Amino acid sequence: MNKDFSIIKYFPEESVPEKLKKRILNRIMVIKFRPLIYLFAAGLIIHLGFLSNHIYRLSLETEVLAVIKVMVTDFELSSDYLLNISAGLKEILPMFSIYLLIINLALVSLMIKLFKHFNSELL
Amino acid sequence: MNDNFDTNLLIAAQKGNLKAFDALINFYQTPIYNHLYRLTNNKDDAADLAQETFIKLYKTRERINADDNFRSYLYKIATNTAYDWFKKKKRHPEDLIIDAPDDYFETIEAKQSYYEVERLELIGLNMAMDKVKPAYKNILFLYYQQGFTYEEIGEIIGSPLNTVKIGLHRAKKELLKHFE
């Protein structure tokens with residue numbers, strides 16, 4: 001009886017979808033780089049938090065500058081006074097957001113380089 | 001691909017060599033995809049299940065013993081992945097099991113001669129195969145198309161040797177029933 005069913009091995013084979021292997025390898029890449037992806041996401045969230053704070057402060061500065069302009073125009077304040085105010089405003093700029101932006105850009109370029117490196121090894 | 005080649009690639013993949021894993025995918029994606037397509041009758045589902053099979057293989061690669069039969073292990077993952085898919089699709093649970101062995105094992109007496117069976121059209125048999133329940137289809141393809149032994153099939157489907165033999169016997173009977 002075994003002989004009779006050996007015809008089963010001649011059932012036609014289907015060709016594998018073209019992108020199947022690529023899908024598999026992409027998923028493996030995500031698994032492999034998962035810690036780095038989480039780190040980058042956390043860094044990006046923190047950076048966005050500081051950036052929004054920075055934008056908020058800038059908007060405050062704009063309002064302050066508008067008020068100063070009115071004060072200068074309407075009340076004829078001295079230029080020394082204005083210089084002191086602008087020096088103070090510069091201190092408001094949060095350096096943290098700039099540092100975080102640099103770190104995140106470095107992480108992004110590192111991830112891109114690693115992806116390219118492993119992709120070129122496999123292709 | 002002989003066992004040594006499989007073992008060498010597996011050991012390299014376990015050490016993190018992606019090229020070795022890539023080579024394993026290259027060799028096994030076609031038979032695994034076809035096996036899953038035979039079980040599911042759907043190309044998209046077969047592709048999804050094949051992807052899932054290789055991802056599971058990657059995640060569990062370090063747990064595989066290099067002395068074990070890698071091919072059987074891979075087909076075991078594929079079969080279990082397909083069965084999970086059947087359960088999610090809410091297929092009838094009895095489609096996934098091989099009936100319990102009877103106390104009396106009936107030997108098959110060929111009702112048709114060897115030459116009559118030879119006249120079976122490949123397409124007709126293919127159509128009949130679509131009506132066979134997945135558990136039996138699985139055994140038929142593992143035995144006749146992939147060339148696994150009874151012991152290896154037992155490892156793949158997690159059943160004892162006697163159950164595999166009975167399952168194959170019943171699978172052939174069911175296939176003939178749908179063909180006639």
Side-chain angles (χ1 to χ4, degrees), chain A residues 1-48 102-123, chain B residues 16-19 21-23 25-26 28-38 43-44 46-48 50-55 57-59 107-123 125-126 129 137 140-147 168-169 171-173 175-176:
Chain A
M1 199 59 159
N2 283 345
K3 268 190 197 171
D4 301 332
F5 287 97
S6 63
I7 198 172
I8 289 172
K9 70 180 171 190
Y10 298 114
F11 275 19
E13 259 195 356
E14 298 292 325
S15 53
V16 176
E18 273 179 32
K19 294 182 181 174
L20 176 61
K21 187 177 149 187
K22 196 171 179 189
R23 279 167 57 184
I24 295 168
L25 291 173
N26 281 342
R27 284 260 322 253
I28 288 173
M29 289 298 209
V30 170
I31 292 167
K32 210 174 161 64
F33 289 108
R34 194 168 281 165
L36 206 59
I37 291 170
Y38 286 156
L39 190 67
F40 171 68
L44 196 62
I45 290 167
I46 294 169
H47 168 67
L48 284 173
I102 294 168
I103 290 168
N104 273 310
L105 285 172
L107 270 174
V108 167
S109 66
L110 176 66
M111 279 180 61
I112 291 170
K113 277 185 185 171
L114 280 170
F115 263 84
K116 278 186 181 173
H117 170 69
F118 282 105
N119 266 332
S120 65
E121 269 195 355
L122 290 168
L123 290 171
Chain B
N17 188 331
L18 268 179
K19 275 189 176 173
F21 195 81
D22 183 57
I25 296 174
N26 276 338
Y28 282 107
Q29 63 173 344
T30 302
I32 291 290
Y33 170 77
N34 273 279
H35 184 68
L36 290 165
Y37 174 63
R38 289 289 168 200
K43 290 182 181 179
D44 291 335
D48 289 343
Q51 180 186 324
E52 208 51 46
T53 299
F54 284 104
I55 297 301
L57 176 68
Y58 180 77
K59 285 180 179 176
T107 56
I108 297 169
E109 291 178 11
K111 289 181 182 176
Q112 298 183 7
S113 70
Y114 174 80
Y115 296 104
E116 282 177 294
V117 172
E118 250 201 321
R119 285 202 309 265
L120 289 172
E121 290 289 337
L122 196 61
I123 293 171
L125 194 62
N126 205 352
M129 187 67 86
K137 246 199 279 195
L140 285 167
F141 282 118
L142 287 173
Y143 188 77
Y144 287 108
Q145 202 172 51
Q146 302 302 328
L168 188 59
H169 160 70
K172 288 189 281 189
K173 275 179 87 172
L175 181 60
L176 267 181

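Reminder, nothing fancy here: chain letters follow the sequence lines and each chain counts from 1. If you're wondering where the values come from, they're calculated on a predicted model, not measured in any experiment.
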Can you check whether B/Phe141 reaches B/Met129 side chain to side chain, under 4.5 Å on heavy atoms? yes
For chain A, which of B/Ala47, B/Ala46, B/Pro31 has the most heavy-atom pairs under 4.5 Å? B/Ala47
Where on B/Asp48 is there a heavy atom nearer than 4.5 Å to chain A: the side chain, the backbone, both, or neither? both
Please assess A/Val16 against B/Tyr37 for the test side chain to side chain contact (heavy atoms under 4.5 Å, CB included), listing each intermediate value before the final yes or no. CA-CA 10 Å; A/Val16 176; B/Tyr37 174 63; over 6 Å; no
Could I get the full list of salt bridge (Lys or Arg N to Asp or Glu O under 4.0 Å) partners for A/Glu14, not counting sequence neighbours? B/Lys43
Using heavy-atom distances under 4.5 Å, tell me whether A/Ile31 contacts chain B through its side chain, its backbone, both, or neither. side chain
If the condition is side chain to side chain donor-acceptor pair (under 3.5 Å), which residues does A/Lys22 pass it with, not counting sequence neighbours? none
Under 4.5 Å from any heavy atom of chain A, what part of B/Gln146 do you find: side chain, backbone, both or neither? neither
